[in-house]
Amino acid sequence: MANLNGLKKGFKTNYNRTFGEKFKKDTVKRIENNEYTVREISTLYQVSRTAVYNWVYKYSILYRKGYKQIIEPMSGTHKVKELQARIKKLEQAVGQKQMKVDFLEKLIELAEADLGIDIKKKAGSVPKSGSGRTDKK
């Protein structure tokens, strides 16, 4: 008779595990909040994807079996994140421009104090007499 001890080592032993309802609901919430995907959950807890999808269909508010979703929840959150990143970039650009304006104004003040002349044009000031206007003929 053949020795089956070596053959048994190659096979995984199947075991049935049960997960509590609270664990399943928490897992589904993580999927809804885009923290994990179904594939990541199934790999992490060594559960079949079918089982995870069954949990999702049973406990999810967003994903119901038989209903079609027109707008994906991920697209809304993705758009918000993109807009927040754009706002952050624009705020940085405004801050850099403001620093440049402040620097140039200070530079003008120092130049006016050192040279004793008005560099900055003041609103309502009368133009100084110069060579005048020349008309081309």
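If you read the sequence from its start, that first residue is 1, and numbering goes on from there.
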Note to self: Among residues at least two apart in sequence or on other chains, which ones pass side-chain hydrogen bond (donor to acceptor under 3.5 Å, both in side chains) with N33?
What the structure shows: none
Next item on the list: Identify the heavy atoms of I117 and E112 that sit nearest to each other, and give their distance.
Entry: O-CG, 3.2 Å
Notebook entry, point to check: Mind checking what makes salt bridge (Lys or Arg N to Asp or Glu O under 4.0 Å) contact with K25, not counting sequence neighbours?
Noted result: E21
Next item on the list: Check which hydrophobic residues are tied to L110 through side-chain heavy-atom contacts below 4.5 Å, counting indirect links as well, and list them.
Entry: none
Next item on the list: Sort out for me which residue in K24, R30, K29, K22 forms a salt bridge (Lys or Arg N to Asp or Glu O under 4.0 Å) with D26.
Entry: K22
Check: How would you list, by chain and number, every residue that makes a salt bridge (Lys or Arg N to Asp or Glu O under 4.0 Å) with K100, sequence neighbours excluded?
Finding: none
Notebook entry, point to check: Distance from I119 atom CD1 to E109 atom CD, nearest 0.5 Å?
Noted result: 11.0 Å
Margin query: Under 4.5 Å between side-chain heavy atoms, counting indirect links through other Ile/Leu/Val/Met/Phe/Trp/Tyr residues: same cluster for M99 and L107 or not?
Written below: no
Note to self: One pair to check against side-chain contact (heavy atoms from CB on, under 4.5 Å): V52 and I31. What are the steps and the verdict?
What the structure shows: CA-CA 10 Å; V52 177; I31 292 171; 3.8 Å; yes
Next item on the list: Using the side-chain contact (heavy atoms from CB on, under 4.5 Å) rule, take Y59 and T27 through it: C-alpha gap first, then chi angles, then the decisive distance, then the call.
Entry: CA-CA 10 Å; Y59 298 111; T27 305; over 6 Å; no
Notebook entry, point to check: Of all residues at least two apart in sequence or in a different chain, which pass the side-chain contact (heavy atoms from CB on, under 4.5 Å) check with S48?
Noted result: T50, A51
Next item on the list: Check ring pair (Phe, Tyr, Trp, His ring centres under 6.0 Å) between Y45 and all other residues, then give those that pass, not counting sequence neighbours.
Entry: F23
Notebook entry, point to check: Do side-chain atoms of R17 reach the backbone of Q46 as a donor and acceptor pair under 3.5 angstrom?
Noted result: yes
Note to self: Which heavy atom of W55 sits nearest to which heavy atom of V28, and what is that distance?
What the structure shows: O-CG2, 3.6 Å
Margin query: Main chain of A93, side chain of Q96: is a donor-acceptor contact present, judged purely on distance under 3.5 Å?
Written below: no
Margin query: Quick one: does any side-chain atom of S42 pair with a main-chain N or O of R39 as donor and acceptor, under 3.5 Å?
Written below: yes
